[in-house]
Amino acid sequence: MNDIYSELGWRGLIHQTTDACSLSAWLRSGSRRVYVGFDPTATSLHVGHLLPLLTLRRFQRAGHRPIALVGGATGMIGDPSGKSEERNLLSVEELQANIAGMEGQMRRFLDFEAGDHAALLLNNADWMRGFSYLDFLRDVGKNFPVSVMLAKDSVRGRLERAEGGMSYTEFSYMLLQAYDFVYLSQNYDCQLQVGGSDQWGNITSGIDLARRMHGVPLYGLTCPLLTRSDGAKMGKTERGALWLDPDRTSPYAFYQYWINVADEDAGRCLRMLTEVEREEIERLEQSCVEHPEARESQRRLAQEMTRLVHGARGLATAERATAVFFGAAIEDLSDAELVEIFADVPSRELPAAELRDQGLALPDALVAAGLAKSKGEARRIIQQGGAYVNNRRHTDQQTCLTDADRASQTVMVLRAGKKRYALLRFTE
RNA sequence: GGGGGGUUACCCGAGCGGUCAAAGGGGACGGACUGUAAAUCCGUUGGCAACGCCUUCGCAGGUUCGAAUCCUGCACCCCCCA
């Protein structure tokens, strides 16, 4: 049994725990069941979910038995924790799609074949569905003093806001999650719940409930929120969350996010998100101080994260795309390779005939590719030295593109500025 | 109900009869520098068949050789008094 508690400690993954001394001893003394719950709020997990999920994975690697819980029931209500406003309820169809998507992703991070410490994937709808409202009020609700419920941050914060307020439905959310914990402790011998720091209130609700209903003590542990040194939430891009679904956030975009992490954040990310060993991380952190320009930490972080989420193949794609985006030759790649590498990049189809005769004027090509809103803007970009065809700069506005300018059979790679790429595909 | 102020390009904001496609700032975009960073610096920022033409200053009309600028009506916003 590896000492998971001290590993979580040096990785900076412990924000709060109940009774730290006995928790760490309890974890050392046997293979324990641990659970983390995720409400199905989208068809894909995002980086924000990763911290507790990977923590669960660490527990398993240390010899404990993880339970990943999908909130088919709680997702129908909506967790008010950390939300400033009442949210709309998800439809049953949405919920089904979300559950399916998130379950599939969660499976990849845990080992379900690991014999006596195999992971479990459960859905709280399975035990909540048959629970009648009256029974629930009598068995569970009776144990919740309203005064305690009102004191929870998630509730108080909302009630204090003049325009906020909160429905009875969301107010009840904590009872459901509390009951999950009790249920898992009774039926699966699970005595530890892990979650993000915003889950503290819900976790302690479960612990209180277990004590009142059955007189048993349970443990709770929360991970800190992963934030950037500038205060922003890690995993947020200009275009929204960083998703694990490759169709929402491509492996390349995912890789690039980590490559671009600020120096100050790289070490913390390595500790909290990767499975790189302590010595290695300390070496990388040293390198970050002495040779920041090498960006060894970021590179390693990007590799580890991309491999973890998208597999070796996803990492290979991302790295190849990175090489091409930042200067490698484009000419000797095939159609299929180009399309794969530039999967993120917007592409437009044009009839191949455009390249015949006079050819296609460069400004028109930039507009057609969506890199410029007007020909005037396209001309400006060319004039200022920002127009590239297959990574070669063109400064003459009169340039006309012909068959010879294709990078492969049907593809031409256009670029405006350093990073804005677009593909033109020429079809008969 | 009475009185006053406003509505300008992606945003803020100057302009108050011609020289206004409209100052300045922010943002965005391109370039240089660099570590695919930050900071900095330079340039661009309505459209087009482009030394010219067309469309833009809340909306609709009007005065004028000429209007973002003056007049009339309408819409929306803000402030003060009741």
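Here is the naming used below: chain letters follow the sequence lines, and residue numbers restart at 1 for every chain.
One P atom belongs to B:C70, the other to B:U7, and the distance between them is 11 Å to the nearest Å. For B:G52 and B:G43, the P atoms lie 24 Å apart once the distance is rounded to whole Å. Nucleotides B:A68 and B:U34 place their P atoms 48 Å apart, quoted to the nearest Å.
Looking at A:E282 and A:R278, a side-chain N of the basic residue comes within less than 4.0 Å of a carboxylate O on the acidic one, giving a salt bridge. One finds a salt bridge joining A:R392 and A:E331 here, because a Lys/Arg side-chain nitrogen approaches an Asp/Glu carboxylate oxygen to under 4.0 Å.
Sorted by residue number, the members of residues 367-387 of chain A with any non-hydrogen atom under 4.0 Å from RNA chain B read A:S374, A:K375, A:G376, A:R379, A:R380, A:Q384, A:G385, A:G386. For the segment residues 285-312 of chain A, the set of residues with a heavy atom within less than 4.0 Å of an atom of RNA chain B comprises A:P292, A:E293, A:R295, A:Q298, in numerical order.
Between the side chain of A:S297 and the backbone N or O of A:L284 there is at least one donor-acceptor pair closer than 3.5 Å.
Evaluation of the salt bridge (charged side-chain N to carboxylate O under 4.0 Å, His left out) test over residues 413-428 of chain A, restricted to residues two or more places apart or in two chains, returns A:R356-A:E428. For residues 370-386 of chain A, the pairs satisfying side-chain hydrogen bond (donor to acceptor under 3.5 Å, both in side chains) are A:D364-A:K375, with sequence neighbours left out. Judged as a salt bridge (charged side-chain N to carboxylate O under 4.0 Å, His left out), the pairs with a partner in residues 166-181 of chain A (not counting sequence neighbours) are, in order, A:R158-A:E170.
A side-chain donor-acceptor contact under 3.5 Å links A:D263 and A:Q298.
Classified by interplanar angle (parallel below 30°, tilted 30° to 60°, perpendicular above 60°), the ring pair A:F38/A:H49 is perpendicular.
In terms of the side chain to side chain donor-acceptor pair (under 3.5 Å) criterion, residue partners of A:R271 (sequence neighbours excluded) are, by chain and number, A:E285. Applying the ring pair (Phe, Tyr, Trp, His ring centres under 6.0 Å) test to A:H310 and every residue at least two apart in sequence or in another chain returns A:F254. A:A378 is linked by a side-chain contact (heavy atoms from CB on, under 4.5 Å) to A:P363, A:L366, A:V367, A:A372, counting only residues two or more places apart in sequence or in another chain. Among residues two or more places apart in sequence or in another chain, the side chain to side chain donor-acceptor pair (under 3.5 Å) test is passed with A:S347 by none.
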Give RNA chain B the dot-bracket treatment, 5' to 3': Watson-Crick (N1-N3 with N6-O4 or O6-N4) or G-U (N1-O2, O6-N3) under 3.5 Å, [ ] crossing, | other strand.
(((((((..(((.....[.....)))((((((.......))))))(((...)))...(((((..]....)))))))))))).

Show me the donor-acceptor pairs within less than 3.5 Å that the side chains of residues 314-330 of chain A make with the rest of the protein, sequence neighbours left out.
residue: A:T317; atom: OG1; partner: A:R313; partner atom: O; Å: 2.9
residue: A:T317; atom: OG1; partner: A:E340; partner atom: OE2; Å: 3.3
residue: A:E319; atom: OE2; partner: A:Q303; partner atom: NE2; Å: 3.2
residue: A:T322; atom: OG1; partner: A:Q256; partner atom: NE2; Å: 3.1
residue: A:T322; atom: OG1; partner: A:A318; partner atom: O; Å: 2.8

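Nucleotides of RNA chain B lying under 4.0 Å from heavy atoms of chain A occupy a range whose first and last members, 5' to 3', are B:C29 to B:A50.
Each of A:D364 and A:F326 was matched to the nucleotide of RNA chain B holding its nearest heavy atom; the match closer to the 5' end belongs to A:F326.
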